[in-house]
Amino acid sequence: MTWEPGEDPFPKGDVKRISDFEYLDELKFVRHARVHVQKTPESLWQLAGDFRARMRVHLKDGTSYDLTLTAPRGMYTDLASVPQALWLFIGPIGSHLEASIIHDYLYMAWTDYRDEARKRDWDFADSVFLAGLKVSKTSTRVPIYLAVRLMGWFVFRAKSYTLKERMNEWLPLLAPSHQR
């Protein structure tokens, strides 16, 4: 069985704003005690079920549409990608976690649809992140968002793999007992 990425999650035009953001699933993880993935993201955490977020995307051309994003079951994550030196202020777990998982998915997903990173896809991923932080009532959302905007482009475009390649490596590590 191989994982397929499905429809391109990125908008076809420039995004003006995102509204009506909501999470549709509980966030479910498996922490692997013995399996440490040595490929980016270097992590012990794996999604045990699909994690979806729904929103309304408003484009600059005046059109809008509903979109559901799915961080797929089996995806590895380092939770919120916060450098350990900053954990005193904000850790990898908190009200920002759900937004971080959807954001991580988008930071990997573009690799299945493009040969090169596009700034508008990065802008969209960060806009989704901010919308998720607002819905989660993250009190530190402004500094978190600004830090992501400051460093994110370098991370976003640095992918040397596709999400499909990684998912096909990661899914076999998820035990059959961890089904949806």
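Because the structure is predicted, anything quoted here is derived from the model rather than measured.
Between the side chain of Asn168 and the main chain of Trp3, a donor-acceptor pair closer than 3.5 Å is present. A donor-acceptor pair is defined here as one N or O able to donate and one able to accept, closer than 3.5 Å; no such pair exists between the side chain of Ser136 and the backbone of Leu133. Formation of a donor-acceptor pair under 3.5 Å by the Tyr76 side chain with backbone atoms of Arg166 is not found in this model. For Gln46 (side chain) and Met75 (main-chain N/O), no donor-acceptor pair under 3.5 Å exists by modelled atom type.
For the 3.5 Å distance criterion, the side chains of Arg56 and Ser64 qualify, holding a donor opposite an acceptor.
The shortest side-chain heavy-atom distance between Ile18 and Val15 falls under the 4.5 Å cut-off. The closest side-chain heavy-atom distance from Arg114 to Asp8 is below 4.5 Å. Side-chain contact between Tyr145 and Asp126 is present, with heavy atoms from C-beta onward closer than 4.5 Å. Between Arg73 and Leu171 there is a side-chain heavy-atom pair separated by less than 4.5 Å. Counting heavy atoms from C-beta on, the side chains of Leu163 and Trp170 come closer than 4.5 Å. Counting heavy atoms from C-beta on, the side chains of Glu26 and Phe51 never come closer than 4.5 Å.
When each of Phe156, Phe10, Phe124 is tested with Trp110 by the rule ring-ring contact (aromatic ring centres under 6.0 Å, His included), just one qualifies, namely Phe156.
Cation-pi geometry between Arg149 and Trp122 is satisfied (NZ or CZ under 6.0 Å from the ring centre, within 45° of the ring normal).
Under 4.0 Å is where a charged nitrogen must lie from a carboxylate oxygen, and between Arg120 and Asp123 no such pair does. Here Asp112 does not pair with Lys164 in a salt bridge; the nearest charged N to carboxylate O distance is not below 4.0 Å.
Both Val128 and Val155 are members of a single hydrophobic cluster when ILVMFWY side chains are connected at heavy-atom separations under 4.5 Å.
Separating the NZ atom in Lys134 from the CZ atom in Arg141 is a distance of 6.5 Å, to the nearest 0.5 Å.
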